[in-house]
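Reviewing the structure listed below.
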Protein chains: 2
Amino acid sequence: MKPDRHLPNGTRALASVGRVRVRERTSDRVYAELASAIRDLRLPPGASLSETDLAEQLHVSRTPLREAIARLVEGGLVSVVPQVGTRVELIRLSDVEQARFVRESFESAAFEVACENPVRDVTVLRTLLAEQERCWGIHDPDGFFAADEALHEQIFTMSGYRGAWQVMQPMKMHLDRIRRLSLPEPETLRLLIDEHTAIVDALQAGNVTAGRAHISRHARRVLQTAPALRAQHPGFFAD
Amino acid sequence: MKPDRHLPNGTRALASVGRVRVRERTSDRVYAELASAIRDLRLPPGASLSETDLAEQLHVSRTPLREAIARLVEGGLVSVVPQVGTRVELIRLSDVEQARFVRESFESAAFEVACENPVRDVTVLRTLLAEQERCWGIHDPDGFFAADEALHEQIFTMSGYRGAWQVMQPMKMHLDRIRRLSLPEPETLRLLIDEHTAIVDALQAGNVTAGRAHISRHARRVLQTAPALRAQHPGFFAD
DNA sequence: ACGCGGATACTTGCATACAAGAGCGCCAGT
DNA sequence: ACTGGCGCTCTTGTATGCAAGTATCCGCGT
């Protein structure tokens, strides 16, 4: 059923970055696909993965697939028991709380650094806020969360510590799964926009104390919605 | 030259944890060895690694070795260019600064949480301080840094956010390499002990502000020593 | 003498074959 | 009928072979 190919595993995707041609590594592509699928629950918590089946579905061999899975294990999103099986980890509230701590610590510190910058250009942030307003108006949760991500990343960029944002990504996926469950409620979105606005206002005013308080509330909101979501999707949660 | 073995790759190490026998995965063992070697500079910055050579030296095949290397790449300690080579990343001050930010953010936040705990048992921390005093007296830098690590980890344990400590490990190795370079100076060790003592005192007193200030100074000290170390070992640094 | 081109060795990426263990079902014996 | 044991199947872990690309070095031509 594989597409016809002349070479052992056919042509590999080529992408042009600047002048150099880089071959997209199968391992990376598979990781991105799996991570995306886990994040938006197409691979729901508790789903069991079979390396051979997955390899067949994705038209790759087990080697790059295993490397991708190893990265997911590192991030705590997948657990693999030798000779038994591989499965997507259930949502554990303790993990979510740890991720909340990580995120709040980083954002709080990044906000403080960004505030100390004498020139604080918040136009990008304002644009993203407007985008969120627009998505809220047309009921586009996916677009909303994309702008949400971009807004928080922009704060890290302004602080100069974008590396922290990157290392946080695997841990943050524990929060993203919860957020995904609480997607379709417009009330929540309205609240998030207001909180974002308050954070941006505080940043523009250089008010560290107020901003940190808003960030803390913002980060803890996810945890507040957790119990209700757990009652709604009991199979997705552990403990 | 391989040790005689009857099975394809011989006996695998068995460890007894509680009642269950767990087979130590070759991939994990290799990762631990490589990470340790990079941390204490037995694999110095810039060293080029050959998968085939390394596999032969460690008596493993390339598959588990590659998985271990993939984890190191994830942590930013190794870079691999397809069809060209694999090498230990040079020490980049920008990476060190990012790691400093990560560590300071975490420790600061964890300290704050630990301070809010009404019962703060600092006996473990005091014991570790005494151990550092002892190691300083007998000029045992390795023992000193082991106690150093244990002390900082204990603060995270007391905060309840040990998960943050764990996710920080790969990033922290960028700092550890710098610390390793500044090992043999007793003056530095004396200074570190004093700072540790100040932090523990602040924790016992529940003084959040003072503790955060000490932690910040403590974390930034590594960066202060960096320029001198760079002049001493120019080949280890990038840029 | 100097520059250029091709063969070669060495690198990583991927695919596949094999090994070993865990779980489960079926069958036989009691 | 029930229980114990054997074996089959499916799982992941590991080893190895092949493909493709890059850099280097040596020889040849100018």
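Computed from a predicted structure; not experimentally measured. Within every chain, numbering begins at 1; the chains are lettered A, B, ... in the order of the sequence lines, protein sequences first and strands thereafter.
- Annotation: ring-ring contact (aromatic ring centres under 6.0 Å, His included) contacts of B:Phe101 (sequence neighbours excluded): A:Tyr161.
- Side-chain N/O atoms of A:Thr26 include one lying less than 4.0 angstrom from OP1 or OP2 on C:dC14.
- Residues meeting the ring-ring contact (aromatic ring centres under 6.0 Å, His included) test with B:Phe236, sequence neighbours left out: B:His233.
- Here A:Glu56 pairs with nothing under the salt bridge (charged side-chain N to carboxylate O under 4.0 Å, His left out) rule; sequence neighbours left out.
- The salt bridge (Lys or Arg N to Asp or Glu O under 4.0 Å) pairs that include a residue from residues 153-166 of chain B are B:Glu153-B:Arg162, where partners are two or more places apart or lie in different chains.
- The separation between A:Leu65 atom CG and C:dG13 atom P is 16 Å, rounded to whole Å.
- Between the C1' atom of D:dT14 and the CD atom of B:Glu56 lies a distance of 17 Å, rounded to the nearest Å.
- A:Arg29 places its CZ atom 15 Å from the P atom of C:dG13, with the value rounded to the nearest Å.
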Acceptor/donor pairs from residues 31-46 of chain B side chains to any protein atom, 3.5 angstrom cut, sequence neighbours excluded:
{"residue": "B:Glu33", "atom": "OE2", "partner": "B:Arg29", "partner atom": "NH1", "Å": "3.3"}
{"residue": "B:Asp40", "atom": "OD1", "partner": "B:Arg42", "partner atom": "N", "Å": "3.4"}
{"residue": "B:Asp40", "atom": "OD1", "partner": "B:Arg42", "partner atom": "NH1", "Å": "3.4"}
{"residue": "B:Asp40", "atom": "OD2", "partner": "B:Arg42", "partner atom": "NH1", "Å": "2.9"}

Sort me out a list of protein N/O and nucleotides 10-12 of chain C N/O pairs below 3.5 Å, or just none if empty.
{"residue": "C:dT11", "atom": "OP1", "partner": "B:Ser50", "partner atom": "OG", "Å": "3.4"}
{"residue": "C:dT12", "atom": "OP1", "partner": "B:Leu49", "partner atom": "O", "Å": "3.1"}
{"residue": "C:dT12", "atom": "OP1", "partner": "B:Thr86", "partner atom": "OG1", "Å": "2.9"}
{"residue": "C:dT12", "atom": "OP2", "partner": "B:Glu51", "partner atom": "N", "Å": "3.2"}
{"residue": "C:dT12", "atom": "O4'", "partner": "B:Gln83", "partner atom": "N", "Å": "3.4"}
{"residue": "C:dT12", "atom": "O2", "partner": "B:Gln83", "partner atom": "NE2", "Å": "3.0"}

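- Rounded to an integer number of Å, the gap from B:Leu58 CG to D:dT14 P is 13 Å.
- The structure places CZ of A:Arg66 at 8.0 Å from OG1 of A:Thr86, a figure rounded to the nearest 0.5 Å.
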